[in-house]
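Please read the structure below before turning to the comments.
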Amino acid sequence: MAGPGHLGQPKDLKEARALQEALRQRVRLRPLRRRAVRLVAAVDCAFLKDWVVAAACLWSLQGLELLREAFALQKAPFPYVPGYLAFREAPAMLRALGGLGTTPHVVLIDGQGIAHPRGLGLASHVGVLLGLPTVGCAKSLLVGSSREPGPKRGSFSVIEYNSRVVGAALRTKDSTRCVYVSPGHLLNLRDALWVVLKSSSGSYRLPEPLRWADARSRQLKKRLANEGRDLHGADLQALL
DNA sequence: GCGACAG
DNA sequence: ATCTTGTCGC
């Protein structure tokens, strides 16, 4: 019954590729109903030994205020292999996002969307599993290339890969390195850029929700490290 | 074969 | 991602 087609953790890269191909076929890029987008979530992971610490948060797009936060801690189910990040981080991310208790209108993910060797980066992978719009917002490029955008916040230039536009290098803060945005699922590049700009204030390179998730996952990781005890029964709530 | 390579 | 001090610039 549970062959390679069953959506679980692949045991090798061959199964992982088969799973990516199945999920890739479910990716849909289309205009987002912006009027209905008021809740933005973000997730990011930190690592301690072979454990994954995921932090998720929910923000209001209007006013950029933190509304909720949730976490997840589990053993890493897959090693880090460029191009297969989702098999390592997605499980914990999905649990942390589920802990928010509210369905966001769009989710920001620290990684690529379709700007990926096989068209299914972490953000697209998570988007398909969630059935929600997701935006890939990475700090560096995995594949493809782009020109350097102008120095002002808001300027961008497309990322091309195999002669296809798969994303864009976007300046979120004046005279600061770009972030690499690519649609994950259920939205197009235009809307992905809109979400990233709307969720960033111009004070930092990363959109506020992602910056928060990044800092929070590392903080939690540090506390767990200091705590020193077995991570098996670690009580996350007690460390907040 | 060689180099590149999200987090 | 993680390790790890000081330092340069807005």
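Every chain is numbered from 1, with letters handed out A, B, ... down the list of sequences.
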A/Arg211 atom CZ, neighbour heavy-atom count above 12 within 6.0 Å: no
Sequence neighbours excluded - side chain to side chain donor-acceptor pair (under 3.5 Å) pairs with any residue from residues 126-135 of chain A: none
Side-chain donor or acceptor of A/Arg205 paired with backbone N/O of A/Gly202 under 3.5 Å: no
Sub-4.5 Å side-chain heavy-atom contact between A/Leu85 and A/Tyr80: yes
For nucleotides 6-10 of chain C, list the nitrogen or oxygen atoms of the protein found under 3.5 Å from its nitrogen or oxygen atoms, one pair per line.
none

Secondary structure string for DNA chain C (Watson-Crick or G-U under 3.5 angstrom, | for other-strand pairs): ..........
By salt bridge (Lys or Arg N to Asp or Glu O under 4.0 Å) - contacts of A/Lys152 (at least two apart): A/Asp174
Touch class at under 4.0 angstrom, heavy-atom based, for A/Lys49 against every strand present: nothing
Contacts of A/Asp44 that satisfy salt bridge (Lys or Arg N to Asp or Glu O under 4.0 Å) - sequence neighbours left out: none
Ring-ring centroid check A/His125 A/Phe87, cutoff 6.0 Å: yes
Per-nucleotide protein contact string for nucleotides 1-7 of chain B (B base, S sugar-phosphate only, - none; heavy atom under 4.0 Å): ----BBB
Sequence neighbours excluded, every pair satisfying salt bridge (charged side-chain N to carboxylate O under 4.0 Å, His left out) that has a member inside residues 183-192 of chain A: A/Arg34-A/Asp191
Stems involving DNA chain B, each a run of at least 3 consecutive Watson-Crick or G-U pairs under 3.5 Å: none
N/O (side chain, A/Lys221) to phosphate O (OP1/OP2, C/dT2) under 4.0 Å: yes
Partner set under salt bridge (Lys or Arg N to Asp or Glu O under 4.0 Å) for A/Lys75, not counting sequence neighbours: none
Side chain to side chain donor-acceptor pair (under 3.5 Å) contacts in which one or both residues fall within residues 47-68 of chain A, not counting sequence neighbours: A/Arg68-A/Thr102
Salt bridge (Lys or Arg N to Asp or Glu O under 4.0 Å) against A/Lys11, all qualifying residues, sequence neighbours excluded: A/Glu15
Short side-chain to backbone donor-acceptor contact, A/Arg30 and A/Leu186, under 3.5 Å: no
A/Leu210 CG to C/dA1 P, straight-line distance once rounded to whole Å: 11 Å
Hydrophobic cluster partners of A/Leu61 (side-chain heavy atoms under 4.5 Å): A/Leu32, A/Val37, A/Val40, A/Val106, A/Leu108, A/Val135, A/Phe156, A/Val158, A/Val165, A/Leu170, A/Val179, A/Val181, A/Leu187, A/Leu189, A/Leu193, A/Trp194, A/Val195, A/Val196, A/Leu197, A/Leu206, A/Leu210
Between C/dT2 (P) and A/Trp51 (CH2): distance, integer Å: 16 Å
